[in-house]
Q: 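First the structure, which I've put down as structure tokens, then a few questions once you've had a look.
Values in this document were obtained by computation on a predicted structure and should not be read as measured data. Protein chains get the first letters and strands the later ones, always in sequence-line order, with residue 1 at the start of each.
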Amino acid sequence: MAAFLLRRLVNYTALVVLAASLAYLLAAAALKPRANFEDRAPRPPEAVVEAQLTRLNLNDRTPLADRYRTWAGGVLHGDFGRTWQGEPVTAELWRRLGVSLRLLLAGAVLGSAFGILLGAYAAIARGRAADRLITVGSSLLLAVPVFVLAVLLQIVAGKANDATGLRVFEWVGESTPGASDGPFGPLGGLGDRFRHLLLPTVTIALAQFALYSRYQRSMMLDVLQADFVRTARAKGLRRRAALLRHGLRTALIPMTTYFAYTFGLLLLGGVFTEKAFGRHGVGEWLVDSISRGDVNVVAAVNCLAACGVLLAGLVSDVLYGVLDPRVRTGAAV
Amino acid sequence: MTADVVTCATEHDSRGGPGQGPDEEFAWRSGTLLGRAIRTAARARCVARSRRAVAGLILLVLLFVLAFVGPLVSPWGWDDTDFAAFRQGPSVHHWMGTTQSGRDVFALTLRGMQKSLLIGLFVAVVSTGLAAAVGTAAGFAGGWLDRTLMWGVDLLLVLPSFLVIAVLAPQTAGTWPTLVPLLAAFLWMITARVVRAMTISLREREYVLAARFLGVRAPRVIVRHILPQLASLLVVDASVNVSVAILAESGLSALGLGVRPPDVSLGSLIADGQSGATAYPWPFGFAAGLLVLIVLAVNLLGDGLRDVLDPASGPRWTGGET
Amino acid sequence: MTVLEVTGLRVTYAPDVRAVRGVDFALGPGEVLGVVGESGSGKTALALAVMGLLPPDAQVAGSVRLRDEELLGRSDADLSRIRGKDLTMVFQDPLSALTPVYPVGDQIAETIQIHAGATRAAARARAVELLDLVGIPAAARRARAYPHEFSGGMRQRVMIAMAIANDPVAIVADEPTTALDMTIQAQVLEVLRVAKEATGAAIVLITHDLGVVAGFADRVMVMYAGRAVETGPVEEMYRRPRMPYTIGLMQSLPRIDGAVWTPAGGDPWRGGRMAPIESASPTASAAGSTGCSFRPRCPVAVLGCADGEPEPAVVGPSGHTAACVNTAATADPSDGLRPEEVVQDTALAVPLPEDPCNVEKPADPVPVRSYRNERPVVLYVDDLVRHHQLYRGRFFRRRAGTVHAVDGVGFDVRVGETLALVGESGCGKTTALMEILRLARPQRGRVAVLGQDTAELRSAGRKALRRDVQVVFQDPFTSLDPRMRVADILAEPLVTHGVPAFQIGGRVRELLELVGLEPGHAGRYPQGLSGGQRQRVGIARALALEPQLLLLDEPVAALDVSVQAGVMDLLEELRARIGLAYLFVSHDLAVVRRIAHRVAVMYLGRIVEIGAVDEVYDAPAHPYTRALLDAVPLPDPFLERRRLRTPLQGELPDPAAPPAGCRFRPRCPRYAGLTGDEGRLCDERDPEPQPIMTAMDRHVACHHPLAHPGADQ
């Protein structure tokens, strides 16, 4: 297993390097940061623009190969270059990564956990009202894009605020300035942060829930008819116990692969959620940088995303090995 | 995966498969054209058994009619501006109200819908076709061709596709048709893998072996024996790709990276409308509602098709537990 | 005393499929009831109904009583206390029936914990004891292994251990040995016997194999279309069956001793046969019509058969019952009935469906009895080798050795003869067949078809040669493209080889007629045909180009016994009429005895013995051949229970690492009795096939072949 993971890691590293390089080349070739400098009023002299672009390694008159070499040399030392305003990318990247993680984590965990549980439950209760409710709910949620879902939640929350006259729901930014100075001190600050986190978390959780519950339901339906569940009942386990102990445990195995697949969608949902709730995370940065033609930022975020996707792949491999003895003991399957 | 395009689950249960009914028997004897027509009708009957597929199909047809016939009857063009009406609610003059710059929401929304529907359709056809071609070629040939193609698939899967599209789209997407190849290029990989895996197992199927041992050449084996087996998978996959493409396009446009002003798409309408959505919900509400409706219709059709064509997988509503 | 009693059991699935339509039986402690039936006869539904494990959409009526307690209609919670404790089950497919993610020891321990309330440690210790009881070596260590790390036979032992864990009163075993090889089947049956003796439980043994029942059961119940059509003590049933269906089954059963089954009192039908054309599903068709469901196939049907389903009537001693109107026709003449009366009855019968296989067999164009070496060679194989690289791992495949699937095999097939390749799974018989079919240069050795060396063929020559070499596959359900009509399937070889379009229609009709199908079948899809009909289509496709050599990969293994007979008759007739040569791959020694002239027994990629079928079967020279023959049960309770045999121990070694010296040595019963010097030969030298002087073209690869009548040993 360990040897397998190691080889996998090497393979992944090669893919990340390739993907990051491709992303940089693509961004450097397609984006035009020069326009940003030239469009400033008053229009700066040609030589100044040229010098600044060259300093930031953004000059489209430098051959692409040279720019790539400079960029790659920096990345090897952990330096992703500078933004078009001259700030170092790396430091900002880490800061914004923190913002994004705080936003995504709770929603992702809650959404997938509820998705798996309710999906399995829907399969067991197939055809009954609970099943129909869960299935219709997840179908509806799948049809609603995150950027619509976020706005809908905001509208509902706004109405609730108006109706109660209290500002129960807050969703702009990470916290209200001065919340820690209130009567509850730092505790109040923490509470305020949770309050701000509520709507984005629900948004992400709902989107994740829709994906996971559908998939888990269909995996569980396959297992319902499995011979080994019948054996478990022949042993004297009741239907529910047999399904939970033998069925669900086995139906979780394909979910690990699904986890890697949906991770990309989670990141994507994160971009929209950040935009909708005004969080200054990585996703928002990426979108803004694409509009500004900020090559180094785009390349850095691409690199991060590729690492994330591959990390998810690695986690899913490990989970697979943990859940499925057929992989662990390396038999020919 | 032994579902037959002509066979549908319910029919299989009740009659023990097609080919036994007198009409089918007759169809086979009486020339290909009539035969094909009757078989198509039989297939349509199968699809009609799934209420979800029918509901999705009807909804989709209505949406198409609305998107393409609506502009003909609307008094306003999408690029007209009514300087007498800013931020108005629905009225006799403006059926869905106007935007803050005085444009007719009805005309704008339909313009966006047209784009969404066409992009969805084209992207699905292109990406599913690509997936079928690459998947069967890799799976059937094996060896170095397989390894090369699958390595390329891996690489494309690792490249964060949405980001790459986001970088490239603003450079190309002055007009929406350029979005089609861009979106299609990143939607085919997972299907291609599934198709490849199924091709590999089909390649060892005895009837495929029999054809090869008869001396039938590889391309003909693929077309005659392998692709028809994959047809149901590909149809369902195409329907999934339709909704993914529609969501991707509107998402890009919502971020300001897709279709650019003055042209509009459902995504850009939603983005423009969301800031004032609480006080003035019309532009946001109609665009978002229709977008959801389109995706819902496509998903319904897709799920329904899956039930009918491929009863062995996906969500099931009918049939007993065993 | 009765332990398990079933009366009037009926099972109906959701819309209107009546799977079981009235079954009664009663079992005493330690008694074994064999339930025999072909696919679709409702045996599995019966088993699940007894266990209370039917799907919720199934309706059950009647009564199932365990130790005088009614089980039907109880709640899941109530039944759970009985299932796994007093009433247990052994399932057919031990791979899918064990949960893949838990060690087998834990799965057995779970059964004990549920019912006995034992501690985890105690339950585990007991699980190890049970594994030891069912003959799993190193039980303590193997208890921690997962199901996928066991072979099929070992998994079935685990299932049996699980079934006897709580000293049950009754065990239901649903086809417990069907998925296993012959020698393993014999071992598992032995384990089941041990289990029965250890617990004293009554056993319901469900199977399609009359041979298994003959040796194991005390009473036999034959099922047809959901009904118990005949029940009785095992000896009585095999000697004097009264239901025409049972008689038909006995007649169509191929036997390794080559004997032809005749009931006491002689052949009741004077050569007549049960109609081999089976309906697609007897259950479904029976639901609609009235009368005896066997009537359409019955050779002694009379008008009265249409008057309703016959009730079981006592026809012999010890509760021998048969559900048949015309038992007079099948009565033992010595019991006083005149045969003439029977003839009269039959004359009234509904016209029989015409049996295409009952035509008078034409004389062989090539007399098989002529000297073998005078006839031309169709297929010549010498030192054929096929090694695969073995890969392991799910994501990252790494090489884990080389499987010597076929490792130096040589034989020839001559015009008009059938050579059977026989062996257990993994012996390389199918690989050898596929290697020949490729018509390409083998990894080593030589394949020549009709005198043409396949290594020297170019693409055009290969395609031309394909006309002469065709194949029939095992599974008629996967060997025909489900999307093509029969006519298109049969036309494909013709189109491929450039037969003009105007001739194709006529040729398709000819082919259908040749294999005993009707022209109307041309418009059907394969799923509209029964298994036997599909296999006939497969044969017709292989014959389309008028080949000279037909390679048959287990062509009857997937078919029911009564259908098997029809297909074998067809193959035999075609061979004689067209002068084909067959290479026939099979694991079924009884089928081989019936159809082949010569047989080659394979073990771990080698041919260990080759020769004329009768000679090899009557006096096997290789210990493996002997063991293989011993493992096949005879469908005759009297002979079966008196056979002296040495069951083969152990399992097939890893084909990636065959033992040094003689490959059969670790399992060889003869090796154990050899002196040191004799044994050393087996340890060190891989035996080459040696001719046996007393017989024509007979070879054995053994240093110490078994004594042979007439041989100088």
Q: Over 60° means perpendicular and under 30° means parallel, so classify the ring planes of A:Y24 and A:Y68, tilted if in between.
A: tilted
Q: Identify which part of C:L48 has an atom lying under 4.5 Å from any heavy atom of chain A, answering side chain, backbone, both or neither.
A: side chain
Q: Step through it carefully: locate the ring centre of A:F259, locate the ring centre of A:Y212, and say whether they are under 6.0 Å apart.
A: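 Here the rings of A:Y212 and A:F259 have centres that are no less than 6.0 Å from each other.
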Q: Side chain from CB out, backbone as N, CA, C, O: work out which of these in C:Q92 comes under 4.5 Å of a heavy atom of chain A, or both, or neither.
A: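 For C:Q92, there is no contact with chain A at all, as no heavy atom is under 4.5 Å.
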Q: Side chain, backbone, both or neither: which part of C:L98 has a non-hydrogen atom closer than 4.5 Å to chain A?
A: backbone
Q: Check whether the ring centres of A:F209 and A:F114 lie less than 6.0 Å apart, and answer yes or no.
A: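 No; A:F114 has its ring centre 6.0 Å or more from that of A:F209.
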Q: Evaluate the ring planes of C:Y102 and A:H246, with Trp represented by its six-membered ring, and classify them as parallel (under 30°), tilted (30 to 60°) or perpendicular (over 60°).
A: perpendicular
